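Here is the structure we will look at, set down as structure tokens.
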Protein chains: 2
Amino acid sequence: MRKKKPGPQRRSGCPLNASVEMLGDRWSLLIIRDMMLLGFRTYKEFLHSYEGIATNILADRLRKLEAHGIIATKRDPADGRKLIYSLTPKGIDLAPVLTEMVLWAAAHEDTGNPALVRQMKKNKERFLAAVRRRWAGKPIRATAD
Amino acid sequence: MRKKKPGPQRRSGCPLNASVEMLGDRWSLLIIRDMMLLGFRTYKEFLHSYEGIATNILADRLRKLEAHGIIATKRDPADGRKLIYSLTPKGIDLAPVLTEMVLWAAAHEDTGNPALVRQMKKNKERFLAAVRRRWAGKPIRATAD
DNA sequence: TATTTTAACTTGCATTTCACAAGTAAGATG
DNA sequence: CATCTTACTTGTGAAATGCAAGTTAAAATA
């Protein structure tokens, strides 16, 4: 895995800024959540996710996530209409970020999904291992590289 | 600490969605970074931060962060013009989120500040403890409550 | 094989947010 | 009291967002 690429002009070299420029919007992390925790893999599934993303925004975010090497796309061999989206290793590595964001909100806001939160809180490492195991072998080679 | 408030209408009850609605933009987390890691406390300092936020956006973000109870504001007793912004306990609790975002970007992108990254990577817990210690006692009572 | 469905988009348009520049009010400074 | 600072607000154009409708290629159906 060639870890680092020069990248386009960023506002700054700060790693947090890099994360924010890739993920700092109202939809990207929710799409990654849907893939990581709910196993969503197709456009239609994302589109019908609870929060209700607009079709043009979804297409744009999928494009950008793929351009950043966070997700990968391939055609479904069984159905030529479908594209199958999956997390790359880079995308899977976002599991700790999602976990901390979930735990933070659960600690300070009135939120739902107590089962997930309980599981994450009870044993963070075990939860992260489960995500990685579920995705082991599955990621497709990223096209953007 | 009254942990949870009913909160306004959200797109969904998912804790990740709650986090994204509060922090999912291109500036909020950078402001928190400036407070947490660089010790910035005034409008002017934020304004002159490296990435160069616009004044109206900064005012808007500070307002929203305060409304969410993430930061608190009080007047500088020594200079009546100045407002002193500080992290609330809720804001300090974002340290693990920032840490994971920094480590993720540092692992997968070409970024700067290797000293910070090294420190975070070497001992995450020690780093988080240092942030908490630095802010111990300092947070001001949140006005938004 | 012709027709209808389905999946994954694109396009158009109104609304909201953002970025940049300039202006303002209250408090400090000389 | 004139000037400077600090923390903003306001105005304006550009960009992003949200919603509805349309498009294309492949698959399912009649």
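Below, read A as the first sequence line, B as the second, and so on, with proteins coming before strands; counting in each chain starts at 1. Here the structure is a predicted model, which means the values were calculated and not measured.
Between A:Lys44 and C:dA7, a side-chain N or O to OP1/OP2 separation shorter than 4.0 Å is present. Dashed line: the shortest gap from a side-chain N or O of A:Arg11 to OP1 or OP2 of C:dA19 is not under 4.0 Å. Checking the phosphate oxygens (OP1, OP2) of C:dC18, no side-chain nitrogen or oxygen of B:Trp27 falls inside 4.0 Å.
Take B:Ala129 and apply the side-chain contact (heavy atoms from CB on, under 4.5 Å) test, not counting sequence neighbours, and it matches B:Arg133. A:Leu38 is linked by a side-chain contact (heavy atoms from CB on, under 4.5 Å) to A:Asp34, A:Phe40, counting only residues two or more places apart in sequence or in another chain. With sequence neighbours excluded, no residue forms a side-chain hydrogen bond (donor to acceptor under 3.5 Å, both in side chains) with A:Gln119. B:Asp25 pairs by the side-chain contact (heavy atoms from CB on, under 4.5 Å) definition with B:Trp27, B:Ser28, B:Arg61, not counting sequence neighbours. For A:Leu83, the side-chain contact (heavy atoms from CB on, under 4.5 Å) test picks out A:Thr73, A:Arg75, A:Tyr85, with sequence neighbours left out. In this structure, the side-chain hydrogen bond (donor to acceptor under 3.5 Å, both in side chains) partners of B:Asp60, at least two apart in sequence or on a different chain, are B:Lys64. In this view, A:Lys44 satisfies the side-chain hydrogen bond (donor to acceptor under 3.5 Å, both in side chains) rule with no residue, not counting sequence neighbours. In this view, A:Arg11 and A:Glu21 satisfy the salt bridge (charged side-chain N to carboxylate O under 4.0 Å, His left out) rule, not counting sequence neighbours.
One N or O on the side chain of A:Glu45 and one on the backbone of A:Arg41 form a donor-acceptor pair closer than 3.5 Å.
Residues A:Lys64 and B:Asp60 both approach DNA chain D. Their nearest nucleotides, taken by heavy-atom distance, put B:Asp60 toward the 5′ side.
One atom, CZ of B:Arg26, and another, C1' of D:dA16, lie 11 Å apart when rounded to the nearest Å. In this structure, CG of A:Leu83 is placed 15 Å from C1' of C:dT10, rounded to the nearest angstrom. The interatomic distance linking A:Asp76 (CG) with C:dA7 (P) rounds to 11 Å, in whole Å. If you take CG of A:Asp25 and P of D:dA15, they are 18 Å apart, rounded to a whole angstrom. Whole-Å rounding puts the B:Glu45 CD to D:dC8 P distance at 14 Å. A straight line from CG of B:Leu47 to P of C:dA19 spans 13 Å, rounded to a whole angstrom. Atom CZ of B:Arg61 is separated from atom P of D:dC8 by 15 Å (rounded to the nearest Å). As a whole-Å value, the separation of A:Leu62 CG from C:dA7 P is 16 Å.
Residues B:Thr111 and A:Ala18 come closest through the heavy atom pair CG2-CB, 3.9 Å. Heavy atoms only, all atoms of each residue included: B:Arg132 and B:Pro96 are closest at NH2-CG, 4.1 Å.
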I'd like a list of close polar pairs between nucleotides 27-30 of chain C and the protein, N/O only, cut-off under 3.5 Å.
unit_1: C:dG27; atom_1: N2; unit_2: B:Arg81; atom_2: NH1; d: 2.9
unit_1: C:dA28; atom_1: OP1; unit_2: B:Gly80; atom_2: N; d: 2.8

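Near DNA chain C, meaning a heavy atom under 4.0 Å away, there are no residues from residues 16-24 of chain B. For DNA chain C, the residues of residues 52-59 of chain A within the heavy-atom distance limit of 4.0 Å (strictly under) are A:Thr55, A:Asn56, A:Ala59, sorted by number.
Listed by first and then second residue, the side-chain hydrogen bond (donor to acceptor under 3.5 Å, both in side chains) pairs involving residues 94-107 of chain B are B:Glu100-B:Lys124 (not counting sequence neighbours).
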